[in-house]
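Below you'll find the structure, written out as structure tokens, and then a few comments.
Since this is a predicted model, take the numbers as computed values, not measurements. Naming convention: chains lettered A, B, ... in sequence-line order (proteins, then strands); numbering from 1 in each chain.
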Amino acid sequence: MKWTQFLIPTSKECPADAVVPSHQLMIRAGLVRQVAAGSYSYLPLGFRSLRKVEAIVREEMNRAGAIELNMPALHPIEWWEQTGRVEAMGDVLLSLAGTGDDWRSRTVLGPTHEEVVTEIARAYINSYKQLPVSLYQIQTKFRGEARPKSGVLRTREFLMKDAYSFHSELDGAGGLGETYQTMYDAYCAIFSRCNLPYVPVEAESGPIGGDASHEFMVPTDAGEDYLVQSEDGSYAANLERADVQPITEKSAESQAPVKEVHTPGLATIDEVSDFLKCKPRQMIKTIIYEVNGEPLVALVRGDHEVNESKLARTAGVSFVTPAESPLIKKLTGAEVGFAGPVGLNARVIVDQAVTLMQGAVTGTNKTDYHVTGVNPGRDFEIKETGDIRMAVEGDCAPNGSPLVFKKCIEVGHVFKLGTKYSDAMQATFLDNNGKAKSLIMGCYGIGLNRIMAAAIEAHHDESGICWPMTIAPFHVVICALDMRVEAVSTLAEKLHDELTEAGVDVLLDDRDARPGFKFKDAELIGFPIRITVGKRGLEEGIVEIQIRQTGDTVKTAPENAVATVQKMVQDAM
RNA sequence: CGGGGCGUGGCGCAGUCCGGUAGCGCACCUGCUUUGGGAGCAGGAAGUCGCAGGUUCAAAUCCUGUCGCCCCGACCA
């Protein structure tokens with residue numbers, strides 16, 4: 001491919017709206033162009049990379065035994081109603097703007113495909129003899145994201161590989177556990193081949209349902225998730241999921257009696273701790289949730305945050321929602337901000353860290369008053385306790401190794417779904433006793449655009465992108481320094497033709513531009529290998545081969561260049 | 001959805017406070033020179049100043065409304 005026959009709109013200037021490096025570089029290198037918030041065109045160069053990512057994903061999915069199919073973006077809303085996900089998805093589920101009762105008003109754009117694939121399974125999988133089976137597609141998803149951001153990292157329309165597996169058993173040969181592991185391994189292979197510094201972590205499964213889940217994270221400041229990792233490397237989890245080792249550090253012994261103090265208008269931890277000259281960690285935060293209309297109270301230390309997922313698990317419920325103020329006022333008899341555990345008549349779950357406190361400060365269920373000198377166990381009963389808080393700096397993993405926190409991008413997610421969707425949609429099969437059972441399911445997603453962006457986040461420098469060979473739009477760029485010099489143009493074109501013949505993706509920069517201009521563009525776009533063909537080199541009888549990542553340059557006779565480059569490309573794939 | 005910022009040729013911006021001929025840099029076109037690290041000179045094309053109302057002799061500029069984009073937060077299978 002010749003540069004002058006391609007479309008590569010590079011830019012020296014950085015777009016004002018782009019904040020994260022991958023976004024800035026994707027625009028400057030001419031990979032993408034924004035169409036609207038969360039909606040991007042992939043220009044020829046960017047599309048080549050996306051296709052390479054797609055090819056890797058497809059290869060590894062096929063290797064994992066999954067079968068490719070394609071499902072539509074237009075879904076009947078009835079199927080979503082069957083699984084109860086119209087409410088669960090909320091505004092994320094985009095609907096065609098229909099009027100009245102026409103087909104548009106009953107059609108939604110698929111943000112994921114559990115419903116559609118489960119309907120296929122319901123129709124065609126009737127016997128245990130057909131199981132297990134894994135189906136996947138690489139297809140555009142639509143989601144009404146409230147706030148798209150960071151270029152292609154969070155968009156309303158994106159390319160996703162979604163796979164779904166069906167099983168008769170949870171465990172054993174052909175069971176969900178086996179395929180889950182196969183998929184997990186396939187994901188590791190995919191991200192390794194894309195040269196991403198990924199970390200598999202334990203994750204919350206969220207509204208999609210299911211009981212086990214791992215996310216694949218790429219650490220970068222551009223991310224919007226946090227992972228926590230133990231220093232010894234044995235533990236990694238999404239912050240929302242991370243368990244902590246129970247703390248042992250006790251508060252100083254306190255025999256002080258409970259004492260009421262006037263704290264007019266002071267409802268937050270910060271306000272009260274300032275006013276009473278105590279530290280937030282000496283306070284007990286009383287957070288009131290609602291479960292099926294009943295209050296559920298969580299107690300955590302003032303410097304901790306409740307982890308709602310952990311709370312729900314500890315409470316044995318599927319989810320908790322923060323209580324509205326009327327319920328809080330009814331329960332406590334006070335304004336919001338003055339709730340406390342002493343004398344509170346509700347189900348209370350006490351965080352492990354709170355059980356060690358002595359002489360604590362907390363609300364007293366009376367507007368404008370707090371209490372000091374509260375000893376859990378003495379002044380209120382500890383009926384239920386557990387780990388219900390978010391991990392913080394200083395915490396240790398369950399094995400005692402200190403936790404470190406990293407911002408990251410989620411590039412893949414695997415779930416054990418169980419029978420959530422097959423139950424809801426009556427997707428059953430007959431087992432070997434002729435008995436109807438719900439299909440057991442797993443689902444496995446990868447965001448392809450995010451892989452591209454994450455690769456750029458992980459591999460760039462001041463000059464531009466440093467593409468991994470496997471997903472670079474072209475493996476090699478030939479900078480022909482002056483196409484008007486016949487020896488240069490002849491050799492450059494010869495190398496181009498021979499490399500192409502050898503299966504190397506090569507772009508010939510045949511523009512009538514000065515050398516510096518071509519070098520800057522080559523570095524901005526980040527071709528892994530650059531071959532420089534110039535008058536000066538030819539006088540010495542050499543061409544230069546430069547590695548983008550390291551800047552290392554080797555000089556070689558033109559007749560050896562093709563073999564040398566071909567080997568470099570092969571070695572890096 | 002709450003808070004903040006911004007909409008002026010393809011891109012980056014000035015001009016808005018204080019109303020009066022739409023401007024600069026990059027990119028683009030033509031010509032000449034130049035060719036190993038984002039060249040120089042000369043000439044040129046390109047903008048309903050987001051949109052809609054209003055005030056005014058006159059609006060990019062003032063007023064009202066509205067739409068869009070970015071950032072922080074909420075939310076996020």
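- A:Asp512 comes within 4.0 angstrom of a nucleotide base, judged by non-hydrogen atoms across all strands.
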N/O to N/O distances under 3.5 Å, protein versus nucleotides 25-32 of chain B:
unit_1 : atom_1 : unit_2  : atom_2 : d
B:G25  : N2     : A:Glu13 : OE1    : 2.7

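- Residue pairs meeting the side chain to side chain donor-acceptor pair (under 3.5 Å) criterion with at least one partner in residues 514-525 of chain A, sequence neighbours excluded, are A:Thr10-A:Asp521, A:Arg511-A:Asp521, A:Glu523-A:Arg530.
- Look at A:Arg514 and you won't find any side-chain N or O under 4.0 angstrom from OP1 or OP2 of B:G38.
- Taking atom P on both B:G54 and B:A58, the two are 12 Å apart, rounded to the nearest angstrom.
- Look at the C1' atom in both B:G73 and B:U8: the space between them is 31 Å, to the nearest Å.
- When each of A:Glu308 and A:Gln34 is assigned the nucleotide of RNA chain B bearing its nearest heavy atom, the one mapping closer to the 5' terminus is A:Gln34.
- Both A:Lys520 and A:Ala146 lie near RNA chain B, and the one whose nearest nucleotide falls closer to the 5' end is A:Lys520.
- Using a 4.5 Å heavy-atom cutoff, the side chains of A:Phe142 and A:Thr140 are in contact.
- Under 4.0 angstrom from either OP1 or OP2 of B:C72 there lies at least one side-chain N or O belonging to A:Arg147.
- Taking the P atoms as reference points, B:C51 lies 10 Å from B:G9, given to the whole Å.
- With sequence neighbours excluded, no residue forms a salt bridge (charged side-chain N to carboxylate O under 4.0 Å, His left out) with A:Glu13.
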